[in-house]
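Input: a single structure, listed below in structure tokens.
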Amino acid sequence: MAAILSVFGTGVYVVFRRSLYKQLDKKLLTLAQSATPSFTAVRDSGNKYLNQVEEVPWRDIFNRDRQSLEWFDEKGNLLGRKGLIQLGVPPEVGTAFIQNPETEEVFRTHTLSMFIRRNGEAGPPTLVGFIRATQSNEEIEAAEEELFWILIIGGMLTLILIGLGGFWLTQKAIEPIEASFLQLKQFTADASHELRSPLTAIKASIDIMRIHPERVHPKDVKKLEAISGATLQMNQTLEDLLFLARADADPNKPVRDRQLTPLSLNQILQNSFVLLEPLANEKQIVFQSKFRDDISVLGDAAQLSRLFSNLLENALQYTPDEGRVSLDLYKQNRTAVISVRDTGIGLAPDQVSKVFDRFWRANKARSRRKGGTGLGLAISAAIAKRHGGKISVTSELNIGTCFLVRIPIFDSKKNSPSNTQSEVKSSSELS
């Protein structure tokens with residue numbers, strides 16, 4: 001809108017200015033033409049004629065204060081002047097701007113050439129002199145300045161009104177979208193919570209039937225196993241949805257408001273590594289870990305374990321047999337950096353930005369991994385954010401993927417996360 005108003009204002013200013021000067025040029029041309037009959041008398045008598053004779057054709061349209069008329073001979077020498085404006089420069093045929101050398105004031109002039117054809121002469125008429133009509137630009141410049149400020153102030157007020165109106169309209173347009181989004185989140189939480197009871201009942205019934213296999217027909221054993229597996233998968237999906245719904249309800253909750261404790265990040269990573277080592281051995285994947293520093297963080301042990309287990313399991317699942325997966329831990333300034341790198345199938349450039357979207361999986365990954373819901377990485381990102389950290393990913397197709405998790409280090413000396421200003425007292429201080 002600012003650009004549109006600028007173009008519009010510039011156009012109005014230019015058109016208005018051209019219109020003013022066109023009117024002025026027309027007025028000067030009329031004045032100069034009206035003075036042509038008096039050229040011979042002025043040439044013969046000069047200012048004496050102009051001072052003595054009042055009845056001249058141009059008297060009715062001449063403004064003595066703002067205009068002047070000058071008569072020149074064919075060599076540009078001044079013959080006479082009527083008016084208060086004195087330029088002191090030779091005439092130039094046509095319309096022109098002339099600046100007074102003494103006052104530096106700019107004037108608009110229109111000069112006519114005077115030709116006479118004497119009786120009996122052949123050929124073109126003879127140039128005998130010039131008539132120049134002059135007027136000051138003061139009024140036009142004042143009108144231009146007034147229009148300029150009107151456009152500037154009007155444009156600014158218009159932009160303010162447009163901004164307020166646009167903000168109001170945007171809010172009105174977003175209200176139903178926000179309402180729908182809140183309803184969707186509430187529905188996800190409510191549906192997940194309500195479905196837990198029937199799933200628990202189904203699982204309990206299946207467990208009872210599996211405890212008493214003599215009551216089950218042999219042909220139905222596989223069906224019960226399929227139902228049990230589907231129930232477990234649905235239950236896990238509901239738990240994931242509930243976790244994400246709670247994270248959405250309070251995504252930026254400060255660290256000091258949560259019940260977090262100082263934890264050894266090395267121990268959490270070691271536990272996750274040992275837990276998934278059998279899966280790596282089964283696929284003959286080279287599974288390595290390297291902890292360069294001993295680091296503590298302020299966090300929730302269960303959530304952090306889930307975060308790193310998700311990343312490691314994701315790397316192992318998407319890495320082909322005899323591939324390589326590495327887990328690294330090191331410090332970077334006041335931040336703990338955890339790197340999970342694999343030599344798996346990788347991602348195309350247009351897919352990298354989508355890996356943390358819920359229920360999203362690359363087509364190739366779907367064909368390789370069974371039973372996944374596409375919520376693992378979304379949950380990992382939510383856990384990292386709730387711990388004051390973040391996850392980034394880099395990947396190359398058919399080369400591998402690297403996830404980097406950055407979490408603030410817990411400063412045991414200050415008993416607070418090193419990247420926050422909150423002060424959390426230790427148990428010894430509280431006692």
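- Proximity of the aromatic rings of Phe287 and Phe273 is defined here by a centroid distance below 6.0 angstrom, and this criterion is met.
- Listed for the Thr343 side chain is no donor-acceptor partner under 3.5 Å among the backbone atoms of Val325.
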Assess whether side-chain hydrogen bond (donor to acceptor under 3.5 Å, both in side chains) is satisfied between Gln67 and Thr134, documenting all intermediate values. CA-CA 5 Å; Gln67 296 171 330; Thr134 305; over 6 Å; no
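- Counting heavy atoms of neighbouring residues, nucleotides and ligands inside a 6.0 Å radius, atom CD of Gln284 does not exceed 12 of them.
- Between the side chain of Ser272 and the backbone N or O of Ile268 there is at least one donor-acceptor pair closer than 3.5 Å.
- Distance check: Asp328 CG to Ser326 OG gives 5.0 Å after rounding to the nearest 0.5 Å.
- The shortest side-chain heavy-atom distance between Phe130 and Val93 falls under the 4.5 Å cut-off.
- Contact of the Leu265 side chain with the Phe308 side chain is registered, since non-hydrogen atoms from C-beta on lie closer than 4.5 Å.
- Between the CG atom in Leu377 and the CG atom in Leu311 there is a gap of 6.5 Å [rounded to 0.5 Å].
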Tell me, with the steps shown, if Asn266 and Gln270 meet side-chain hydrogen bond (donor to acceptor under 3.5 Å, both in side chains). CA-CA 6 Å; Asn266 302 62; Gln270 183 64 32; over 6 Å; no
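- Listed here is the closest heavy atom pair of Leu397 and Ala348: CD1-N, 3.8 Å.
- Smallest separation of non-hydrogen atoms from Ser380 and Asn310: OG-CB, 3.3 Å.
- Residues Leu276 and Leu316 meet the side-chain proximity criterion, which asks for heavy atoms closer than 4.5 Å.
- At least one donor-acceptor pair closer than 3.5 Å links the side chain of Asp300 to the backbone N or O of Gln303.
- In this structure, OG1 on Thr36 lies 5.5 Å from CD1 on Ile131, to the nearest 0.5 angstrom.
- The backbone N or O of Asn77 lies less than 3.5 Å from a partner atom in the side chain of Asp73, making a donor-acceptor pair.
- Side chains of Glu105 and Ser136: a donor-acceptor N/O pair is present below 3.5 angstrom, by distance only.
- Val340 approaches Ala315 most closely through the heavy-atom pair CG1-CB, 4.0 Å.
- No side-chain heavy atom of Arg132 sits under 4.5 Å from any side-chain heavy atom of Ser68.
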What do the steps show when you test Cys402 against Leu404 for side chain to side chain contact (heavy atoms under 4.5 Å, CB included), and what is the final call? CA-CA 7 Å; Cys402 178; Leu404 288 179; 4.1 Å; yes
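- The side chain to side chain donor-acceptor pair (under 3.5 Å) check on Asp25 picks up Arg108, with sequence neighbours excluded.
- Taking a 6.0 Å sphere around CD of Glu74, one finds it holds more than 12 heavy atoms contributed by other residues, nucleotides or ligands.
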Arg81/Gln86 under side chain to side chain contact (heavy atoms under 4.5 Å, CB included): CA gap, chis, key distance, verdict: CA-CA 8 Å; Arg81 177 188 297 112; Gln86 298 182 17; 3.7 Å; yes
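- With sequence neighbours left out, the side chain to side chain donor-acceptor pair (under 3.5 Å) criterion links Thr111 to no other residue.
- Side-chain N or O atoms of Asn333 include none that pairs as donor or acceptor with a backbone N or O of Thr335 at under 3.5 Å.
- A side-chain contact (heavy atoms from CB on, under 4.5 Å) with Leu329 is found for exactly one of Asp293, Ile338, Asp294, namely Ile338.
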What verdict does the side chain to side chain contact (heavy atoms under 4.5 Å, CB included) test give for Leu279 and Gln317, after you've listed the backbone C-alpha separation in whole Å, the side-chain angles of each residue and the deciding distance to 0.1 Å? CA-CA 9 Å; Leu279 177 60; Gln317 291 286 355; 4.0 Å; yes
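- At most 12 non-hydrogen atoms from other residues, nucleotides or ligands lie less than 6.0 angstrom from CZ of Arg18.
- Counting heavy atoms from C-beta on, the side chains of Leu5 and Thr158 come closer than 4.5 Å.
- Between Leu147 and Val12, the shortest heavy-atom contact is CD2-O, 4.4 Å.
- In terms of heavy atoms, Leu263 sits closest to Ala301 at CD1-N, 3.4 Å.
- Counted by atom type alone, Gln267 and Asn271 present one or more donor-acceptor pairs between their side chains at under 3.5 Å.
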Determine, stepwise, if the pair Val337 / Val405 fulfils side chain to side chain contact (heavy atoms under 4.5 Å, CB included). CA-CA 6 Å; Val337 181; Val405 182; over 6 Å; no
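- The CG atom of Asp357 lies 11.5 Å from the CD atom of Gln351; values are rounded to the nearest 0.5 Å.
- With a 4.5 Å cut-off on side-chain heavy atoms, Leu87 and Thr109 count as touching.
- Looking at Leu127 and Ser113, their side chains come closer than 4.5 Å, going by heavy atoms from C-beta outward.
- Side-chain atoms of Asp342 come within 3.5 Å of backbone N or O of Thr401 as a donor-acceptor pair.
- Side-chain atoms of Lys283 come within 3.5 Å of backbone atoms of Thr319 as a donor-acceptor pair (strictly under, hydrogens ignored).
- The number of heavy atoms from other shown groups lying within 6.0 Å of CD (Glu282) does not exceed 12.
- Distance check: Leu269 CG to Leu304 CG gives 9.0 Å after rounding to the nearest 0.5 Å.
- More than 12 heavy atoms of other shown residues, nucleotides or ligands fall within 6.0 angstrom of atom CD in Gln99.
- At a threshold of 4.5 Å between non-hydrogen side-chain atoms, the residues Ile285 and Arg324 do not count as touching.
- Atom CZ of Arg341 is surrounded by 12 or fewer heavy atoms from other residues, nucleotides or ligands within 6.0 Å.
- In this structure, Phe8 places its CZ atom where only 12 or fewer heavy-atom neighbours from other residues, nucleotides or ligands lie under 6.0 Å away.
- Ring planes of Tyr21 and Phe97: perpendicular class, angle over 60° (limits at 30 and 60°).
- Taking all atoms of both residues into account, the shortest heavy-atom contact from Phe356 to Val393 is CE1-CG1, 4.0 Å.
- One distance of note links CG of Leu112 with CH2 of Trp71; it measures 12.0 Å at 0.5 Å rounding.
- Within the structure, the side chain to side chain donor-acceptor pair (under 3.5 Å) test picks out the following pairs touching residues 143-157 (sequence neighbours left out): Arg17-Glu144.
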